[in-house]
Amino acid sequence: MATFRRRQWKELSFWRFLVSYLSLVKYPTRVFRQHDDVKNWVLIFVALAGVACSRDQVDPPVADTETVRVIKQGQIIGFVAENGAHVWRGVPFAASTAGENRWRAPQQAAAWDDLRETLQFAERCTQMTNSFDADEGLKPGQVVGSEDCLAVNVFAPANAQRANLPVMVWIHGGGNVWGKSSDYDGSRLAKNENVIVVAVQYRLGPLGWFAHRGLRADAIDSRDAAASFAILDLIASLEWVRENIVAFGGDPENVTIFGESAGGHNVAALLASPLSEGLFHQAIIQSGFFDSVSLAEAQGDEGARANPSNLIAEKLSATTADDLRALPVDTLLRAYNDDGAGFVDVPRMIQDGVALPKTPLRAAFEDLEAFHDVPIITGVNRDEMKLFYSGDERFTKKRFWFFISPRDKDFYEAISEYVSRAWRVRAVDEPISKMIAAGHDRAYAYRFDWDDSGRFLLMDFRTLFGASHGFEIPFLFNSFTGFGLANDTIFSKETESDRQKLSRAMGHYWGSFARDGAPTSMTAPAWPTYGRQASLLTFDTENDGGISILRGADSFDAIERDLIENARLSHEERCLIIEEIGEWTWLYDEPPYEKMLSAAGCDATVARE
């Protein structure tokens, strides 16, 4: 498929989706049973959302003199998108991280003398391919990308220069091991909300997360002694924004960071990083996490973390910093992956005492002195887990060798509901409660509920996915095209009007939050802070309840009570649900599933592979 012209991608989009989907079913154990909380990264619809965003502009962009800007490194020229927004792609914010710069703090990008065209995306950061790269003709288990990848894409409304607009910095998901900024088109959000959107790339997998004494001993400056190098990259991108965004019409004193899944996890990390003080002024966490790994675990000195850095170094006979930096990147990544599926398992979000505190990330939000006291939005999608369970052969089956459906619809709904609630507890209710107890009073919460996907022959997408992980992204970026034949099924004409209203309302909330730190909308209800009433704003279309306020916190105790009282579940089903909750929350200091197992009379223990 790699030989097809760009215009033909749209016609293949639906089949790309199905190929990717069935590839998931082929590797259910590897994909769905990993026990790192971010191993199960952005999957089917996040990949689709990227297609929707990145494939809209079919013809190659043409440089436009209206987009000439002067930044610290030199002059650049971009192009004008079809909707009139100005776009600059692949602008480097730091130097290559290859060779001597590998596992060091990002270095300043080189300057240039001539006018530099910024029409093409930078290469993705080095990563292992998986089944969701099939659209590019790539098989799982290939090493792609470059160590020279630290770049941003900038989107601005026309005539934004000298406008002093709010800046929104987008951090992509992908489990911190996969993904690229080119999958997201911020032009509509920029134009609709009159903001500057910046999409950033950062080091992934073991190149972004690696803890080794030899590297720390070889540190040239204090930041080199980190282990969470990906967070250092994001900090460097924010420093670039501070120094250069005025040239695009942005206000360096009004920057919002926002990201989804692993991107949301990284936003939480930036909130707690001692190095990011003053670089941003609002933060949005979409389906994110608040967990971390100790330096000792990441190295392999304690715990049972898969692929600790010491073990990898030993496996590769690399004992010094020079040995490690001399490793071919293919050799390094393949040391983490033996089955060819491309799902790299690496310790990440490491408490290195440099980019991140030495204490657990979640604990930082218990103390106003330990995290940046800025307005925060954090939220989840109602059916987060359906994305992951839809390809899990324990819960779904193929009909006529092709069409996916739940084995038991009632149980599929139940396990998705309870484990998705656990995601909400750890991503919303618990962290915000910690913030409030610490004295932080500017936290907002949401739940995304849209589930109006249609059917394709024997596949009911509404049941299979619901309001699943990543579904809010097309609404946020106001981009519902690029799915080829799947458009009429996923986003049907019958739902277009309601979808557009919801999309624009969400854009208004995000945009107003970026403007003044309080999310508002001209056409939708007021969004209260989470507060003592535990208020969440739910996002749905008018035909299904609309945008409304949901009050009352969820908790693991409430989940436990509801599970035990649910007479429609068998004992075995109840225990399996609790085990699944354990697999998605096992980083907790006091894992809630152990109490649940006991209360439900379950003898099972959660396997930790």
Side-chain angles (χ1 to χ4, degrees), residues 30 34-39 41 96-106 123-130 140-150 174-180 201-216 218-219 224-234 262 265-266 269 292-301 303 305-352 354-356:
R30 175 63 57 179
Q34 294 294 334
H35 302 298
D36 191 304
D37 70 329
V38 292
K39 179 65 182 180
W41 30 265
S96 171
T97 60
E100 184 58 29
N101 285 344
R102 183 187 290 175
W103 292 312
R104 292 195 187 279
E123 277 201 75
R124 74 193 83 186
C125 290
T126 304
Q127 57 195 265
M128 187 82 78
T129 60
N130 54 68
Q142 294 180 243
V143 176
V144 297
S146 170
E147 290 186 81
D148 188 6
C149 63
L150 301 186
N176 277 317
V177 299
W178 178 81
K180 54 189 184 295
Q201 292 195 151
Y202 53 97
R203 280 175 280 186
L204 301 167
L207 295 170
W209 313 94
F210 200 82
H212 195 275
R213 291 186 181 86
L215 295 175
R216 292 198 295 279
D218 193 52
D224 287 345
S228 293
F229 296 98
I231 301 303
L232 293 183
D233 294 343
L234 295 172
H265 199 181
N266 294 335
S292 58
V293 177
S294 72
L295 188 64
E297 284 183 278
Q299 289 179 162
D301 296 334
R305 181 70 52 177
N307 293 324
S309 301
N310 289 349
L311 179 63
I312 295 298
E314 181 181 345
K315 185 176 182 179
L316 297 172
S317 300
T319 59
T320 68
D322 288 342
D323 293 340
L324 290 164
R325 293 193 173 102
L327 288 169
V329 71
D330 287 39
T331 301
L332 173 66
L333 264 68
R334 294 190 190 285
Y336 288 83
N337 189 72
D338 295 325
D339 67 357
F343 300 107
V344 177
D345 195 359
V346 53
R348 46 210 181 270
M349 209 55 69
I350 303 169
Q351 300 157 206
D352 55 19
V354 180
L356 291 173

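Please read these numbers as outputs of a predicted model, since none were measured by experiment.
- Here the shortest heavy-atom pairing between Ala335 and Ile312 reads O-CD1, 3.7 Å.
- Scanning both residues, Leu333 and Gln127, for their nearest heavy atoms gives CD2-C, 3.6 Å.
- Asn101 contributes a side-chain N or O that, together with a main-chain N or O of Ser96, makes up a donor-acceptor pair within less than 3.5 Å.
- Side chain of Trp178 to backbone of Val344: no donor-acceptor contact under 3.5 angstrom is found.
- Using a 4.5 Å heavy-atom threshold, the side chains of Val354 and Arg216 count as separate.
- Note that OH of Tyr336 is 9.5 Å distant from NZ of Lys315, once rounded to the nearest 0.5 Å.
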Full working for side-chain contact (heavy atoms from CB on, under 4.5 Å) between Ile350 and Glu297: CA-CA 9 Å; Ile350 303 169; Glu297 284 183 278; over 6 Å; no
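- Here Thr97 pairs with Glu147, Leu150, Arg203 under the side-chain contact (heavy atoms from CB on, under 4.5 Å) rule; sequence neighbours left out.
- Rounded to the nearest 0.5 Å, atoms CZ (Arg334) and CG (Asp330) are 5.5 Å apart.
- Here the straight-line distance linking atom OG1 of Thr319 with atom CG of Asn310 works out to 11.5 Å at 0.5 Å rounding.
- When each of Asn266, Val293, Asn176 is tested with Arg348 by the rule side-chain contact (heavy atoms from CB on, under 4.5 Å), just one qualifies, namely Asn176.
- Side-chain contact check for Leu332 versus Leu207: some heavy-atom pair is nearer than 4.5 Å.
- Under the 4.5 Å side-chain criterion, counting only non-hydrogen atoms from C-beta, Ile231 is in contact with Met349.
- To the nearest 0.5 Å, atom CG of residue Leu311 and atom CG of residue Leu316 are 9.5 Å apart.
- Taking every heavy atom of both residues into account, Ala211 and Leu295 meet most closely at CB-CD1, 3.7 Å.
- Interatomic distance, OG of Ser294 versus CG of Asp352, reported as 11.5 Å (0.5 Å rounding).
- Residues forming a side-chain contact (heavy atoms from CB on, under 4.5 Å) with Asp218 (at least two apart in sequence, or on another chain): Glu100, Arg104, Ala321, Arg325.
- The two residues Phe210 and Ser309 have their closest heavy-atom pair at CD1-OG, 3.6 Å.
- The minimum heavy-atom distance linking Leu204 with Gly179 is given by the pair CD1-O, 3.6 Å.
- Nearest approach of Arg213 to Asp301, heavy atoms of both residues: NH2-OD2, 2.8 Å.
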Please evaluate residues Trp209 and Val177 with respect to the criterion side-chain contact (heavy atoms from CB on, under 4.5 Å), reporting the C-alpha separation (whole Å), side-chain torsions for both, the decisive distance (0.1 Å), and the verdict. CA-CA 9 Å; Trp209 313 94; Val177 299; 5.8 Å; no
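- For the pair Val144/Lys180, no side-chain contact is recorded, criterion being any heavy-atom separation below 4.5 Å from C-beta on.
- In this structure, the side chains of Thr126 and Cys149 stay at 4.5 Å or more apart for every pair of heavy atoms.
- When side chains are defined from C-beta on, Glu123 does not count as touching Gln201, because their heavy atoms never get closer than 4.5 Å.
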